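All figures in this text were calculated on a predicted structure; none of them were measured in a lab.
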Amino acid sequence: MRKIGVVVPWDTPFMYTAPAFNMMNWETPEDCEVKYIMGVGWCPASRHNDGVAKAQDWGADLILFNGGDHLCPKDILKRML
């Protein structure tokens with residue numbers, strides 16, 4: 001089973017609502033486990049690095065970044081594979 005880490009590199013509780021609902025409705029590919037990870041830190045680079053480290057610690061095979069202001073097609077994870 002593949003593990004997909006979706007890193008959201010925003011260090012704020014005020015993420016836009018539409019992207020949050022968009023991510024909640026993403027289709028999970030067969031034979032995959034998906035984990036959504038919030039990157040934290042004092043700057044965007046630090047938040048990206050923190051998210052990658054957390055995804056690696058979890059054992060992610062693939063990492064996808066999704067900003068707190070991005071809308072993606074619901075099959076984005078299937079497309080990534």
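Taking the charged nitrogens against the carboxylate oxygens, E33 and R2 have no contact shorter than 4.0 Å, which rules out a salt bridge.
We find the CG-CG distance between L71 and N66 to be 8.5 Å, quoted to the nearest 0.5 Å. Note: H70 NE2 to Y16 OH = 10.5 Å, rounded to the nearest 0.5 Å. Rounding to the nearest 0.5 angstrom, the gap separating the CE atom in M80 from the CG atom in D75 is 12.0 Å. One finds the CZ atom of R47 at 9.5 Å from the CH2 atom of W42 (value rounded to the nearest 0.5 Å). Considering CD1 of I4 and CG of D61, their distance stands at 8.5 Å, rounded to 0.5 Å. Atoms OG1 and NZ, from T28 and K74 in turn, are 13.0 Å apart once rounded to the nearest 0.5 Å.
Using a distance-only test at 3.5 Å, with no hydrogens or angles considered, no donor-acceptor pair links the side chain of K3 to the main chain of C32. No donor-acceptor pair closer than 3.5 Å links the side chain of D31 to the backbone N or O of M1. Although no hydrogens or angles enter the test, the distance criterion places no donor-acceptor pair under 3.5 Å between the side chain of D50 and the main chain of G39. Proximity of a side-chain donor or acceptor of K54 to a complementary backbone N or O of M38 within less than 3.5 Å is detected.
A heavy-atom distance below 4.5 Å is found between the side chains of I63 and V52.
Shortest non-hydrogen contact noted between P19 and G67 is CB-O, 4.5 Å. Closest approach of A55 to V7, counting heavy atoms only: CB-CG2, 4.5 Å.
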side-chain contact (heavy atoms from CB on, under 4.5 Å) assessment of L62 paired with L77: CA-CA 10 Å; L62 301 166; L77 298 176; over 6 Å; no
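When the side chains of ILVMFWY residues are joined at heavy-atom separations under 4.5 Å, either directly or via intervening members, W10 and I37 end up in two distinct hydrophobic clusters. Under the 4.5 Å side-chain heavy-atom criterion for grouping Ile, Leu, Val, Met, Phe, Trp and Tyr, F65 is not connected to I76 through any hydrophobic cluster. L81 and V34 fall within the same hydrophobic cluster, where Ile, Leu, Val, Met, Phe, Trp and Tyr residues are linked whenever their side-chain heavy atoms come under 4.5 Å apart, directly or through other members.
Classification of the W26-Y36 ring pair by plane angle, with boundaries at 30° and 60°, yields tilted.
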